[in-house]
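Step one of this worksheet: look at the structure below.
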Amino acid sequence: MITLDRLVNVLGAYGVRLCGRPERRSARLRSVAMPDATDGRVTGDVLVAVGAGSVTEAVRWAVAAQATVVLVRAGAETAREATVAGESNDVAVMLVDPAVSWSQLVGVVYGLVLEGRETESGRGPTDLFALADSLADAVGGAVTIEDPLSRVLAYSRSQQAGDPARLETILVRQVPERLREMFRARGVLARLAATDEPIFVEPDPSHGMTGRMVVAVRAGRELLGSVWVTCGSPLTGTRHTALANGARTVALHLLRSRASADLERQVESDLVVRLLEGTADAATVVSRLGLAAREMRVVAVRTHTSEEPHAMLLLAFERATTGFGWSRPGRSTLLGDTLYTILPDAGAAAAREWVAALGAGLPPRVRVTAGIGAAAQAAELPASRREAEECLALHESDTSHAAPADGPPAYDESWDDILLHRLRAAARAGRVPARGPVSALRRHDALHDTHYVATLRAWLEAQGDLAVAAERLGVHANTVRNRLRRMSEVTSLNLDDPRKRLAMVITLAAEDE
């Protein structure tokens with residue numbers, strides 16, 4: 001079943017808006033009904049009021065149908081009437097834009113509500129557990145259903161022929177890496193990728209594992225996952241057939257789950273893109289995403305791996321959007337090779353913790369880089385996005401001034417490093433003067449083995465204090481004074497001019513790698 005909250009989230013992309021009854025957003029929806037002139041006993045949690053002449057009439061139908069929410073086609077000018085009628089009759093009213101076709105909307109509503117379970121964006125398909133139980137009865141062994149990355153999607157309650165390896169897998173919700181390595185070494189994973197026939201895996205007492213029968217779950221050529229059965233010997237006859245047929249049924253369940261989850265992710269992704277690119281109705285979009293009207297941060301994330309880099313980015317996106325609708329802190333989208341997530345602002349440290357949790361859910365071989373924009377109101381999120389991108393570039397540059405030791409850089413803490421990063425990029429692109437006092441001193445150092453650039457840097461950082469500069473250089477103050485005098489013979493320093501001093505500080509910073 002789904003909640004009204006999630007129905008509002010998905011239908012919002014179709015121009016449907018909820019009027020009143022905000023306290024009902026957690027209500028669970030199990031059935032859909034439409035008015036039927038030949039049957040006055042129509043009931044359902046969601047009433048699609050096709051043919052209603054007014055909001056009032058639609059609400060009256062909903063009351064008769066014992067509905068929690070009613071969808072009625074009406075313009076925005078009826079919002080107040082809808083709110084009053086709904087609150088008076090304890091019905092949530094959703095106004096459908098007259099430009100939206102009923103056929104398109106009804107298909108979405110039925111698809112969401114009648115699935116009868118949470119999707120991948122929620123807590124996973126509950127009916128998949130029932131299927132695992134049914135399959136366990138048919139094959140006579142404990143069943144585990146996994147995704148292509150060996151994460152547990154569902155498992156049977158039966159412990160018949162269970163073993164320590166299965167128990168550990170279920171407890172951590174993923175096949176332990178040592179078992180995956182064993183399966184990989186035996187060629188099991190390679191065979192799963194190549195055949196639809198069930199495979200027997202010999203017992204391995206050292207890993208606490210009795211025998212296994214495993215079969216790929218596939219849609220066409222795409223591997224969706226696998227079904228594992230604990231058994232001491234290969235399944236034969238009807239049990240072998242039941243496992244093969246069960247894998248095809250699991251594939252249908254996973255495809256339905258993916259379609260529903262993808263719809264929700266697409267709605268969320270489109271709304272996040274609108275915020276990142278700038279939209280006049282930013283506050284409305286934030287509300288439709290279920291985010292509070294408060295400051296937020298944009299986090300930009302990339303994944304780095306030598307194997308399947310795009311797949312790892314998609315996996316990161318899946319993890320960022322997994323979690324029961326409104327319990328997730330952020331809302332995400334994929335743009336190019338970057339995952340962008342909008343998080344409610346709870347400080348830079350909280351954003352780093354979110355990035356760390358995201359990375360912990362990826363395979364160990366995947367390196368995650370990220371950047372965190374400064375806190376911003378809804379209309380300022382495009383600026384936070386640019387800041388996050390610059391922090392991401394800083395993190396990836398891996399310079400000595402890059403991210404804090406405890407995670408990726410945040411703009412409000414690292415704005416000075418961002419500025420220097422920009423200057424260095426400009427210097428590399430030839431967008432700063434190629435000649436000047438600093439360049440002249442650098443050439444002189446190279447030709448005559450002098451230390452004029454280091455001396456100038458120390459003097460400028462010490463704000464003209466000869467003693468401090470000398471201490472930094474490890475020389476006497478008179479040595480610094482003499483060097484400055486000789487440097488003025490090589491090039492025009494004009495150290496008394498504050499603008500010239502500032503320009504030399506910037507030049508040194510831009511050229512410092």
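These numbers were taken from a predicted model, which means no experiment stands behind them.
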Is Arg385 paired with Glu389 through a side-chain N to carboxylate O contact shorter than 4.0 Å? yes
Non-hydrogen atoms of Gly330 and Leu343 that approach each other most closely: CA-CD2, 3.7 Å
Please determine whether side chain to side chain contact (heavy atoms under 4.5 Å, CB included) holds for the pair Val96 and Val48, giving the CA-CA distance in whole Å, both sets of side-chain angles, and the decisive distance to 0.1 Å. CA-CA 10 Å; Val96 179; Val48 184; over 6 Å; no
Test of understanding: with side-chain hydrogen bond (donor to acceptor under 3.5 Å, both in side chains), list the residues that count as partners of Thr338, not counting sequence neighbours. Arg302
Thr230 and Asp163: side-chain donor and acceptor closer than 3.5 Å? no
Leu291 vs Arg331 side-chain heavy atoms within contact, under 4.5 Å: yes
Pairwise side-chain contact, Met94 with Val69, heavy-atom cut-off 4.5 Å (strictly under): yes
Heavy-atom side-chain proximity of Val139 to Met213 below 4.5 angstrom: no
Let me confirm one number: the CG-CD distance from Leu192 to Glu197, rounded to the nearest 0.5 Å. 12.0 Å
What do the steps show when you test Leu71 against Leu11 for side chain to side chain contact (heavy atoms under 4.5 Å, CB included), and what is the final call? CA-CA 10 Å; Leu71 277 73; Leu11 296 188; 3.8 Å; yes
So, does Arg352 use its side chain to make a donor-acceptor pair with the main chain of Pro408 at under 3.5 Å? yes
Quick check: closest heavy atoms across Ala348 and Glu413, and the distance to 0.1 Å? CB-OE2, 3.5 Å
Value for CG (Leu135) from OG1 (Thr249), rounded to nearest 0.5 Å, stands at 8.0 Å
Find out whether Val214 and Phe183 are in side-chain contact, i.e. whether some heavy atom of one side chain is under 4.5 Å from a heavy atom of the other. no
For the atom pair SG (Cys391) and CZ (Arg297), what is the distance rounded to the nearest 0.5 Å? 9.5 Å
Got a sec: does the CD of Glu177 have more than 12 other heavy atoms crowding it under 6.0 Å? yes
Enumerate donor-acceptor pairs with a distance under 3.5 Å from any side-chain N or O in residues 377-384 to protein atoms, sequence neighbours excluded.
unit_1 : atom_1 : unit_2 : atom_2 : d
Glu380 : OE1    : Gln377 : N      : 2.9
Ser384 : OG     : Val298 : N      : 3.1
Ser384 : OG     : Ala374 : O      : 3.0

Would you check if there is a donor-acceptor pair between the side chains of Ser332 and Glu268 at a distance under 3.5 Å? no
Do Leu313 and Phe317 make a side-chain contact, defined as non-hydrogen atoms from C-beta onward lying under 4.5 Å apart? no
Minimal heavy-atom distance between Val201 and Met209, with the atoms involved, is CG1-CE, 3.9 Å
Going through the checks in order, is the side chain to side chain contact (heavy atoms under 4.5 Å, CB included) test met by Met34 and Trp102? CA-CA 11 Å; Met34 293 179 65; Trp102 275 124; over 6 Å; no
With a 3.5 Å distance limit and no angle check, can you tell me whether Arg218 reaches the backbone of Thr195 through a side-chain donor-acceptor pair? yes
Checking Leu276, Asp270, Leu275 against Val272 for side-chain contact (heavy atoms from CB on, under 4.5 Å), the one that qualifies is Leu276
Find the distance between CE (Met296) and CD1 (Ile342) and round it off to the nearest 0.5 Å. 6.5 Å
Counting N and O atoms only, with roles assigned by atom type, does the side chain of Arg294 sit under 3.5 Å from a partner on the main chain of Asp345, one being a donor and the other an acceptor? yes
How about Arg239: does its CZ atom have over 12 heavy atoms from other parts shown lying under 6.0 Å from it? yes
Student check: side-chain heavy atoms of Val217 and Ile145 closer than 4.5 Å: no
When rounded to the nearest 0.5 angstrom, what distance separates CZ in Arg319 from CZ in Arg151? 6.0 Å
If every non-hydrogen atom of Ala316 is compared with every non-hydrogen atom of Thr303, which pair is closest and at what distance? CB-CG2, 4.1 Å
Which atom of Ala247 lies closest to which atom of Val215, heavy atoms considered: CB-CG1, 3.7 Å
Closest non-hydrogen atoms of Ala320 and Thr341, given as atom of the first, atom of the second and distance, are CB-OG1, 4.4 Å
Hey, does Thr210 have a side-chain heavy atom less than 4.5 Å from the side chain of Arg166? no
Ser31 side-chain N/O to Asp45 backbone N/O, donor-acceptor pair under 3.5 Å: yes
Could you go through the side chain to side chain contact (heavy atoms under 4.5 Å, CB included) check for Trp61 and Val70 one step at a time? CA-CA 9 Å; Trp61 291 355; Val70 59; over 6 Å; no
Separation between CD (Glu318) and CG (Asp147), nearest 0.5 Å, reads 7.0 Å
Checking Ser134 side chain against Ala130 main chain: does a donor-acceptor pair fall under 3.5 Å? no
Below 4.5 Å, heavy atoms only, C-beta onward: do Val55 and Leu95 meet side chain to side chain? yes
Partner residues of Glu168 under the side-chain hydrogen bond (donor to acceptor under 3.5 Å, both in side chains) criterion, sequence neighbours left out: Arg178
Spell out, as yes or no, whether a donor-acceptor pair under 3.5 Å connects the side chain of Thr78 to the backbone of Glu81. no
Thr369 versus Glu396, side-chain donor and acceptor atoms under 3.5 Å: yes
Ring-plane angle category for Tyr155 and Phe129, please: parallel below 30°, perpendicular beyond 60°, tilted otherwise. perpendicular
Expected output: side-chain Ser88 to main-chain Ala85 donor-acceptor under 3.5 Å: no
Return yes if some donor-acceptor pair links the side-chain N/O of His395 with the main-chain N/O of Gly371 below 3.5 Å, else return no. no
